[in-house]
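Beneath this line is the structure, given in structure tokens, with notes to follow.
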4 protein chains.
Amino acid sequence: MTDKKERILQATEELLAKHGFHGLSMNMVAKEAKVATGTIYRYFTDKDDLLYQLHDHILTIVAQKITQHISDAMPLEQRFRTMWLNIWKMATDSEAPLINRGQFENMPHRGKQYKIALEKTLFAPVHKMFDEGKAQGLFKPLDNEILAALSLEPSAALARKHLTGIFTVSDEARDAAINACWDALITH
Amino acid sequence: MTDKKERILQATEELLAKHGFHGLSMNMVAKEAKVATGTIYRYFTDKDDLLYQLHDHILTIVAQKITQHISDAMPLEQRFRTMWLNIWKMATDSEAPLINRGQFENMPHRGKQYKIALEKTLFAPVHKMFDEGKAQGLFKPLDNEILAALSLEPSAALARKHLTGIFTVSDEARDAAINACWDALITH
Amino acid sequence: MTDKKERILQATEELLAKHGFHGLSMNMVAKEAKVATGTIYRYFTDKDDLLYQLHDHILTIVAQKITQHISDAMPLEQRFRTMWLNIWKMATDSEAPLINRGQFENMPHRGKQYKIALEKTLFAPVHKMFDEGKAQGLFKPLDNEILAALSLEPSAALARKHLTGIFTVSDEARDAAINACWDALITH
Amino acid sequence: MTDKKERILQATEELLAKHGFHGLSMNMVAKEAKVATGTIYRYFTDKDDLLYQLHDHILTIVAQKITQHISDAMPLEQRFRTMWLNIWKMATDSEAPLINRGQFENMPHRGKQYKIALEKTLFAPVHKMFDEGKAQGLFKPLDNEILAALSLEPSAALARKHLTGIFTVSDEARDAAINACWDALITH
DNA sequence: GATGAATGAGCCTTCATTCAT
DNA sequence: AATGAATGAAGGCTCATTCAT
């Protein structure tokens, strides 16, 4: 990726995190990226395009963070706990706040097929974990999307509440939450 | 509530659902509500104020829908299933599309104290259910916010995926998901 | 004059003094006068009409203040000094700041004939003083308008400077200024 | 100064002279200056800023006109008469109509310190004349601001009356007025 | 490729005026 | 006569996008 394009994406992410969607103008992006306004339009057809590409860019990073420190050799439960905590840490460390804050939820999407394909690739280790668990008879025999909603989504949900300051979660409570999610996942 | 004010809120909700935050202009709202632009400002000081009030308005309706057909006399599990399905239905009937697109999460709030207090009142039956479950030793001894994230949030998450067309959930899968959420909730 | 009309004029004057032309809306006037918005239009055809009438209203008061404590029996110099000080006092007491602040300068005028006639009536004692002075050979044989510009205008000009805070005038300086204006007025 | 900026100031001045403060909109200014609305905001942060800068711009021109054809070598009386007539001419030639309509007086200022400093520089020859006259014992020992109000202000006042058509001043009357102002200025 | 001045549609908001009650 | 809710044109200002250099 060109140096300039990288800088533009970087600048956009920072400004988005700092001021939100509302206060994001192309001129500000250009200034922050130390680039002329018109230059942005050499790399992105549109403001929307810039945001789309940023979305993918961030999604990639998020996926990497979520599947960090995971190897297929690890026992299933350990993999699960690690992922759950990876999600949690992203929020509390506020290292990738953009997606967790739902800033991207309001963005117009490109075709859904595209999104599904992208996520399938990025979150392959997650799918692998669910597939293995189901093959072993350990996990409930449900679609991966459902299993994710049951067992990982709560982590994001809690993190969001934590982030907005609605209420705070202690370490013990967090560990108990992980166990509860595990309960949702496995057969009894 | 005045006829006009009601119509303005209604129009705002519809436009928000249709075009998102990005494409919501006061003139559009006025047109949709069949009201002069200036009239909006008799009932709302600001665009922000309009959004705030809409937030509360929707939250109230959502809370009513979620706690519909619930009485304290019903057994805990029945209450839980009913609520879970209430959430689900809101999405699939697309009666209140706003909530399920995540548009709702990112609406501007007034102070968080205000929001916490409001939610406490509106979702009283939910809290009651969790409290009773914990008192009986049936539910895990965790904060209500956490229990909600474990057991009800997945319903909303699935509904959202369902709505965006990412994938479709069969009736059987849905029931299995409810059971899984119940597993997350209860002690084993 | 009706009670209501009087109250409306009163309210307009106060708001004009407080917020200037810029921040004067009919709704504010109505509120300040404790009258319904529509009521204003029973007494004044227009906003402009309201301002015109206010102008005359204030001009009358100003004329009264300027010619206060003046009688035709007083010696000419005493009359002159009294008037000069009356003008000065209006500013420093900030009792009638509206005209001195030039708030009215920008107003569209009705026919100039009207204005000339009105001023002739209101400022009759001033004209009388100049006429007598010229008849006695004490004052320069110039048009009254010119004599006013030479001898009384400086009072208003100084008062304006004083009011805007550009610089402050001591009592001694003020008296010297009066003498200088007298010098401008009389033959040498 | 840029071509565009100059054109915008020019257009503002003309519109102000034509329609007054009341009817001055940024769109009109843009149209008159043959510039896009947004362009104005590249050179002026605000409507207020535009007016401020116009104020200074005009004040500079006014100062130049008033101190035109003046040299320190000229006798005091000649300097005085020249300045007085310079002021007078500005009105009668209607070359700079803005100043004489009082529109100028009410233009928004930045801090008063700023204005005082600016005027000190621009009107240096005027101050010099007064200072020399006082040093020679020819002029009354009063503050320059007061001397200006006594001797030059009447010129502006008469010019204003002349311009609004309230009454007309013959050449002889005008010369007599200059003499009268000189009387106000000198010791007797 | 890169620049950044210029554009102008569109946004939020105000306010003089009307009119059904 | 009086009310005040409703109107909608118009105002100040922003910002995505273009294009001459």
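Naming convention: chains lettered A, B, ... in sequence-line order (proteins, then strands); numbering from 1 in each chain.
For N27(D) and G38(A), each mapped to the nucleotide of DNA chain F holding its nearest heavy atom, the one lying further toward the 5' end belongs to N27(D). Nearer the 5' end of DNA chain E, as judged by each residue's closest nucleotide, is the contact made by K4(D), out of D46(B) and K4(D). Both T37(A) and L24(D) lie close to DNA chain F; mapped to their nearest nucleotides by heavy-atom distance, the more 5′-ward contact belongs to L24(D). Summary of the strand contacts: S25(B) and A36(A) both lie near DNA chain E, and taking for each the nucleotide with the nearest heavy atom, the more 5' one is attributed to A36(A).
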Should L9(C) and L50(C) be marked as a side chain to side chain contact (heavy atoms under 4.5 Å, CB included) after you check the CA-CA gap, both sets of side-chain angles, and the distance that decides it? CA-CA 8 Å; L9(C) 283 170; L50(C) 169 58; 4.1 Å; yes
Given the rule in the side chain to side chain donor-acceptor pair (under 3.5 Å) test, do D56(B) and Y114(B) qualify, once you have shown the distances and angles that lead to the verdict? CA-CA 10 Å; D56(B) 294 354; Y114(B) 175 85; 2.7 Å; yes
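Phosphate proximity of dA5(F) to Y41(B): absent, as no side-chain N or O sits under 4.0 Å from OP1 or OP2.
Here the nucleotide nearest the side chain of Y43(B), chosen from dT17(E), dG1(E), dA6(F), is dA6(F). Among dG4(E), dT7(E), dA9(F), the nucleotide with an atom closest to any side-chain atom of T39(D) is dT7(E). Nearest to the side chain of M26(A), among dA16(F), dA6(F), dC12(E), sits dA16(F). You'll find that the side chain of R42(B) is closest to dA5(F), out of dG4(E), dC12(E), dA5(F).
A straight line from NZ of K31(B) to P of dT7(F) spans 15 Å, rounded to a whole angstrom. Atom NE2 of H22(D) is separated from atom P of dG11(F) by 10 Å (rounded to the nearest Å). Rounded to an integer number of Å, the gap from CZ of F21(D) to P of dG12(F) is 12 Å. Between K5(D) atom NZ and dA6(E) atom C1' the separation is 17 Å, expressed in whole Å. The CG atom of L50(A) sits 10 Å away from the P atom of dT17(F) (whole-angstrom rounding). Nucleotide dA16(E) holds its P atom 14 Å from the CD1 atom of I8(C), rounded to whole Å. Atom NZ of K47(A) and atom P of dA9(E) are 19 Å apart (whole Å). Straight-line distance from the CD1 atom of I40(B) to the P atom of dG8(F): 13 Å, rounded to whole Å.
K65(C) places no side-chain N or O within 3.5 Å of a backbone atom of T60(C) that could act as its donor or acceptor partner. Checking side-chain atoms of T121(C) against main-chain N and O of A117(C) turns up a donor-acceptor pair under 3.5 Å. Judged by distance alone, the side chain of T12(A) and the main-chain N or O of I8(A) form a donor-acceptor pair under 3.5 Å.
The partner of dT21(E), taking Watson-Crick or G-U wobble pairs whose two distances both stay under 3.5 Å, is dA2(F).
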